[in-house]
Structures are given as structure tokens and as C-alpha cells.
Amino acid sequence: MMCCYMIIMCLCCHHGWQSDVLLQCFRYDIKLNNAILAEEKHLPMYDELASKGNVEYIAGGATQNSIRVAQWMLQIPGATSYMGCIGKDKFGEEMKKNAQAAGVNARYYEDEAAPTGTCAVCVVGGERSLVANLSAANCYKSEHLKRLENWALVEKAKYIYIAGFFLTVSPDSIQLVAEHAAANKKVFLMNLSAPFICEFFRDAQEKVLLYVDYIFGNETEARIFAKVRGWETENVEEIALKISQLPLASGKQKRIAVITQGADPVVVAEDGQVKTFPVILLPKEKLVDTNGAGDAFVGGFLSQLVQQKGIEDCVKAGCYAANVIIQRSGCTYPEKPDFN
């Protein structure tokens, strides 16, 4: 439930450009393989990136990426719905067109004052760093969710996914949906999303985690999650198990923790046990951009979960989707999947 246009500067081949972006990363205090919210010092970077000749504009936002990928994997028009906030501007109009073309039933709250959010994605040698200027994405109101035509989508949904980034925007909206899912025995899924969410939004995260059936994250986020809680381990399997065993709201049966580790195996903790699943290894020369890989993994996972497939099939689909996305710029994909 967050909408951003991604301004992507992909520098995988041209050494002069790569040096330029490395200089920008240093100047704006940006670390690779990270995601942060834009501060005042980052704002000039958007115009600077947009002035480059090799910039791409791609509709994004973490949750929207995952839903678009799930929709692509399912190949059933209107199988998915999405809510978020955009501005009344050209990027907002393009966002609506993009969602429609993807087959997603998007219901956007359109903010009158703020422009559609943008996210600068700097890519160096396949590694990405995200700097999000949320703008309208930071303006979502739960009143939009409560509108009869929108709440009807929540009522209709059997599986509900929200990225952890939305904790910075409208935790009351998340709580409404989480409690609805628990009361109606629906599957509620969430993502750790970024280290800063685990560090600085711990209270909001713990409040909603009570209702989460499936929690996703990567190894960096998992280790920060553990560090903040004083768990004296950096072992991802141990951390995944601990996360899966955190308290649940009354009526919830169990939680499944799914932690990705880049090229290393996916860790799944469930029912007091930990399993690992290999990913699809990709030759380094085929790697274009890791941006959106985690979102794509979730989308692929969801596409099988909603069909009531087992964990192994869900992880396999997630790995397939992520593998497709990292061979392309941004969270994009071919016309149809060839997943079996």
C-alpha cells in the first residue's frame, strides 16, 4: 500500500557512469544494498539523476511490485487488487495506466496537494540502493480504506499482503486490515521491508506482528530485527525460528517466517522447524539489477499460496520470479511467465 515511481540509474557496463554514481553515493551518504527515506540532503539527487541520459522510469512501490508480479504469475485478469496513494499529476495518471495494463484492480487515493512519490534507485554492478521521497505515498488516509467500495475489496480478499514500509504512513489502516483478517480467518502477510523499519518503527511493527501469518524479509533485515530485540545471534535460521515463535493474537494458529539471502538458500521456519531451499543461481554476467528482487519473490510466493500450494512450491515460484526480475532493469517482466 505505497505508490512510488522509480527513477532508476542503472550502471552495469559503462565505467565512467559507474564512477559518477559511486561519487553520488558518497556525496549523498548512500550505502549499497539498502533502503532509506529521503532527507533534505537527498532531494537534489532526484533532479541530478533525472538529468542523466540513461534514466528509466518504472511504476513501483514495494507492495505494488509484489502484487503486479503475483498478477503476472497468475495470468487471471482482476485476480488481485491494490490500494495506495498517488498525486493528481502525470505520474499518477501513468501509475493508473500501468496498473490497468498489469491486470491489477487498483483503487488509488488521489491527494490534492502532494505529487506522486518517487524513489531514486542507484544501481552499481547489479547492487541497488533505494532512496524514497514518499510525497503522496506518505499521505494515505484510512478513510479511503473505509469507503464502502474499497472495504468491499477487503471483505472479498482471502489473502492480504502489506509491506512493512506502510508502517511509516498509516499504521491505523494496517491495524484495521489485520484485525479483520484475524476475525475472519483470512491469511495476513507482511514484510520486514528495511532495516530502518525494524530499528525505528519497532512498536508499530510489534503491534501488527501479532496478526501476521507469514512474515518475509532478507538476511540483513532479519539480523537487525534480532539485534533490536537483544537476541544474541546472527544465525539467520535461528532468527527465523524465533520470529516464527513470537506471540500471536488469539485465534491465529501459527506464523511462518520466510527469509531470503540473495544467492544463498531461502530459510523457512514453521512449526518449530527450519527448512532451507536453494535459489536459482544466475551467472554474474546475466545480473542486471537486484532492485525489486525481494518484492518479486513475495509476488511469486503469493501466486502459489493463493492456489493453496505447499511451501516448497511457493518458495520455488518466489525464486523463479526473483530470478526473472534481476535479469531486467527494475521490477519488470516479460509478457508471460514460463513457470511450471
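Fair warning: this is a prediction, and the values are worked out from it, not measured in the lab.
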Show the nearest heavy-atom pair for residues [X] and [Y], with the distance to one decimal.
X	Y	result
Ile86	Gly92	CD1-O, 3.6 Å
Arg68	Ala102	CG-CB, 4.2 Å
Leu246	Arg255	O-NH1, 2.9 Å
Ala70	Ser303	O-CB, 4.0 Å
Ser135	Ala114	C-CB, 4.0 Å
Ala204	Leu167	O-CD2, 3.9 Å

Backbone N/O of [Y] and side chain of [X]: donor-acceptor pair under 3.5 Å:
X	Y	value
Lys254	Glu270	no
Asp271	Gln273	no
Asp89	Thr116	yes
Trp72	Pro334	yes
Gln71	Val104	no
Asn184	Lys186	no

| query | Under the side chain to side chain contact (heavy atoms under 4.5 Å, CB included) criterion, do Ile239 and Ile259 qualify, and how do the steps go? | reply | CA-CA 9 Å; Ile239 295 169; Ile259 308 298; over 6 Å; no
I'd like to check [X] versus [Y] (side-chain heavy atoms, cut-off strictly below 4.5 Å). Are they in contact?
X	Y	answer
Ile36	His42	yes
Thr63	Phe165	no
Phe216	Leu192	no
Met190	Tyr211	no
Tyr108	Cys85	no
Ile162	Phe188	yes
Arg107	Glu149	yes
Asn150	Tyr109	no

| query | Can you check side-chain hydrogen bond (donor to acceptor under 3.5 Å, both in side chains) on Gln175 and Asp172, steps first, answer last? | reply | CA-CA 5 Å; Gln175 203 66 26; Asp172 55 328; over 6 Å; no
Could you state the interatomic distance from [atom1] ([X]) to [atom2] ([Y]), rounded to the nearest 0.5 Å?
X	Y	atom1	atom2	result
Leu302	Ile67	CG	CD1	6.0 Å
Lys309	Gln304	NZ	CD	4.5 Å
Glu221	Ile215	CD	CD1	9.5 Å
Asp213	Leu189	CG	CG	6.5 Å
Glu110	Glu93	CD	CD	6.5 Å
Arg229	Phe225	CZ	CZ	3.5 Å

| request: Show your working on side chain to side chain contact (heavy atoms under 4.5 Å, CB included) between Ile311 and Tyr214 and close with a plain yes or no. | output: CA-CA 11 Å; Ile311 283 290; Tyr214 289 79; 4.0 Å; yes
Should we say atom [atom1] of [X] is surrounded by more than 12 heavy atoms from elsewhere, each under 6.0 Å from it?
X	atom1	value
Lys141	NZ	yes
Gln308	CD	no
Lys41	NZ	yes
Glu234	CD	no
Glu199	CD	yes
Gln75	CD	yes

| said: Would Val69 and Asp295 count as a side chain to side chain contact (heavy atoms under 4.5 Å, CB included) here? Give the steps. | reply: CA-CA 8 Å; Val69 170; Asp295 301 337; over 6 Å; no
Linking I/L/V/M/F/W/Y whenever their side-chain heavy atoms sit closer than 4.5 Å, directly or via other members, would [X] and [Y] fall into one cluster?
X	Y	value
Leu241	Ile256	no
Leu248	Leu210	no
Phe297	Val279	yes
Leu209	Ile160	yes
Val324	Ile280	yes

| Is the distance between the ring centroids of Phe339 and Tyr320 under 6.0 Å? |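 Between Phe339 and Tyr320, the centre distance is under 6.0 Å.
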| field | Side-chain ion pair, Glu94 and Lys97, N-O less than 4.0 Å | value | yes
| said: Do the side chains of Lys146 and Glu143 get close enough for a salt bridge, i.e. N-O under 4.0 angstrom? | reply: no
| field | Full working for side chain to side chain contact (heavy atoms under 4.5 Å, CB included) between Phe196 and Ile224 | value | CA-CA 9 Å; Phe196 81 88; Ile224 293 296; over 6 Å; no
